[in-house]
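See below for the structure under consideration.
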Amino acid sequence: MRIFCASIATETNTFSPLRTDISDFRESFYAGPGDHPETPTLCSAVFTVARARAKAEGWELVEGTATWAEPGGIVNRDTYEYLRDEVLAQLKAAMPVDGVVLGLHGAMVAQDYLDCEGDLLQSVRDIVGPDVVIGASFDPHSHLSAKRFNAADVLVAFKEFPHTDFVEAGAATVDLVLRTIRGEIKPVKAAFDCKMIEVLPTSREPMRSFVDRIKAMEGHDGILSVSVIHGFMAGDVPEIGSHVIVITDNKAGLAAQTAKDLGMELFGFRGTTRPDFITPDQAMAKLPDIIATPVVITDVWDNPGGGVPGDSTILLRKVMNSGLQNYAFGTIWDPMAVRICFSAGEGGVLPLRFGGKTSSTGGAPVDAVVRVKKLQRNSWQSFGDSIVPLGDCALIELPDGGEVILNSNRAQSFDPDLFANMGVDPKAKNYLFIKSTNHFYDAFAKIAGEIIYVNVQGPYPSDPKTNGYKHLTRKVWPIVDDPFAAAS
Ligand SMILES: [Zn+2]
């Protein structure tokens, strides 16, 4: 038995002022055939899982390229075609194969390609023919097109947001493909369109119990896999929104009915799934009264993990004028300012302009006389089992004693070790300001006295009602109140 695996992944914010090209993939993560590290990345866990199974079970794994770009703007067409054609050439060279396993994100949009993963999966199907088993793992912040759904036999999304279960999803993808090849199961799948755009953190109710329940359904009564595609509101594509996928062992009616039942239940959660997102002024009024430190304050929309630059200065300006003491910001993206800090050296004092460079909506750059407290080449942070590169970083001290980490590689804030790795003891700070919607939660909740979610306006399209989607033609909530009534 021979199985081919590959991974091309990014999340495209079609509203972002950024653009994504091959250098973004190479900077974030690029591993040619055989070069994938021992540890998984968010979308490439199928590699490490398949390696272990191949070794234990005595079959042959043919590894193709694995690559990931930090979420950003629309992918350059040449870049997408280059990466796609590289993987397709590797697959052709590997033929004949019994199965193909792909680690995808599912929200990649390139110039002239609104559905990159559909295009890739269909291209793979065209090469291997109808009888070879194709499985793909997805991030739930993706889009479910008919093209990708029909081209793959097995589609599995991470169930948790924060995505603490990306390895389990990779393992489930590989396992279902193997069992299908061996004739143990016959996957029959159905999808249901929930007709809504919502943020669905699973670290809180009602999603917590929902996910626990769908996990318990798997492996019983012929249900092989249940996935919830949350959707990604910053991707302007026709299929935007939440979907439920159910895969059964050759039970079409059960798949369709279960997907519909769970999908309508999920639709019923609309408007109730998010924590309270308060305004920056509400946050600033509240902070001095909070005793349990460190208080973790997250800018939920200036989140590089959602494809925006991550250089907003709106919250920092408010903090600098507030009299708050003993605070740290991690991070503000500004490679040019980092470069200047490296020239100044540790201990250097200089007038620095930083942040606020890449959009008209993320606040103006900050000008301050700063002291360079620490410089670190290739700094990093953890995200579960994976290592997230932050590039060259500078820790600067502001006139009021506040500290800011400037980074060169865009990344959202995942783990307090992003501070520790720059010499800041996160537990000793009163206030930790970070940029992340929900992925920070697992690691930061362990040290936080309190967590505050702040709705800071900026380049992220955070309100579906006013985002102005050009490719959306379906009726979806919250743009219409009851899309199911409107459709009938
Ligand atoms: Zn995601």
Side-chain angles (χ1 to χ4, degrees), residues 1-12 19-37 40-51 53-54 59-69 74-139 142 145 147-155 170 173-174 177-178 180-181:
M1 181 162 69
R2 276 158 73 84
I3 291 181
F4 175 79
C5 75
S7 174
I8 303 174
T10 190
E11 179 183 69
T12 302
R19 292 294 181 268
T20 301
D21 75 357
I22 192 72
S23 62
D24 295 291
F25 283 92
R26 292 194 187 280
E27 183 181 84
S28 296
F29 173 66
Y30 180 89
D35 292 339
H36 192 287
T41 69
L42 181 69
C43 295
S44 70
V46 291
F47 275 72
T48 52
V49 168
R51 270 182 193 168
R53 298 272 316 243
W59 46 270
E60 186 185 359
L61 177 67
V62 183
E63 296 188 12
T65 294
T67 188
W68 153 265
I74 292 168
V75 178
N76 176 296
R77 179 180 51 239
D78 289 350
T79 291
Y80 169 64
E81 292 178 346
Y82 173 86
L83 292 171
R84 176 196 64 190
D85 293 349
E86 177 174 300
V87 163
L88 295 179
Q90 292 162 349
L91 172 60
K92 282 178 191 160
M95 291 293 283
V97 297
D98 303 284
V100 176
V101 179
L102 300 177
L104 305 176
H105 180 288
M108 181 171 175
V109 176
Q111 289 167 315
D112 303 330
Y113 292 91
L114 287 174
D115 180 14
C116 291
E117 291 82 358
D119 176 67
L120 177 64
L121 281 162
Q122 185 59 52
S123 302
V124 168
R125 178 60 77 199
D126 291 344
I127 290 169
V128 300
D131 299 329
V132 167
V133 184
I134 300 175
S137 65
F138 289 91
D139 186 295
S142 53
S145 68
K147 192 174 191 178
R148 69 181 68 173
F149 184 78
N150 292 331
D153 300 287
V154 169
L155 302 91
T173 309
V174 172
V177 167
L178 286 171
T180 307
I181 293 168

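All figures in this text were calculated on a predicted structure; none of them were measured in a lab.
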Exercise: do Asp115 and Ser145 side chains pair donor with acceptor under 3.5 Å: yes
Salt bridge flag under 4.0 Å for residues Lys147 and Glu117: no
Pairwise distance NE2(His105) to OG(Ser7) - rounded to 0.5 angstrom: 11.0 Å
Non-neighbouring partners of Arg19 that pass side-chain hydrogen bond (donor to acceptor under 3.5 Å, both in side chains), sequence neighbours left out: none
Ile3 side chain near Val62 side chain, heavy-atom distance below 4.5 Å: no
Residue pairs passing the salt bridge (charged side-chain N to carboxylate O under 4.0 Å, His left out) test where at least one lies in residues 93-114, sequence neighbours excluded: Arg77-Asp112
Ser44 side chain near Phe29 side chain, heavy-atom distance below 4.5 Å: yes
Tyr113/Tyr80 aromatic ring centres below 6.0 Å: yes
Salt bridge (charged side-chain N to carboxylate O under 4.0 Å, His left out) between Arg26 and Asp21, intermediate numbers included: CA-CA 9 Å; Arg26 292 194 187 280; Asp21 75 357; over 6 Å; no
Main-chain N/O of Ala94 paired with Arg2 side-chain donor or acceptor, under 3.5 Å: yes
Partner residues of Arg53 under the salt bridge (charged side-chain N to carboxylate O under 4.0 Å, His left out) criterion, sequence neighbours left out: Glu57, Asp175
Spacing of CG belonging to Asp131 relative to CD1 belonging to Ile181, to within rounding of 0.5 Å: 12.0 Å
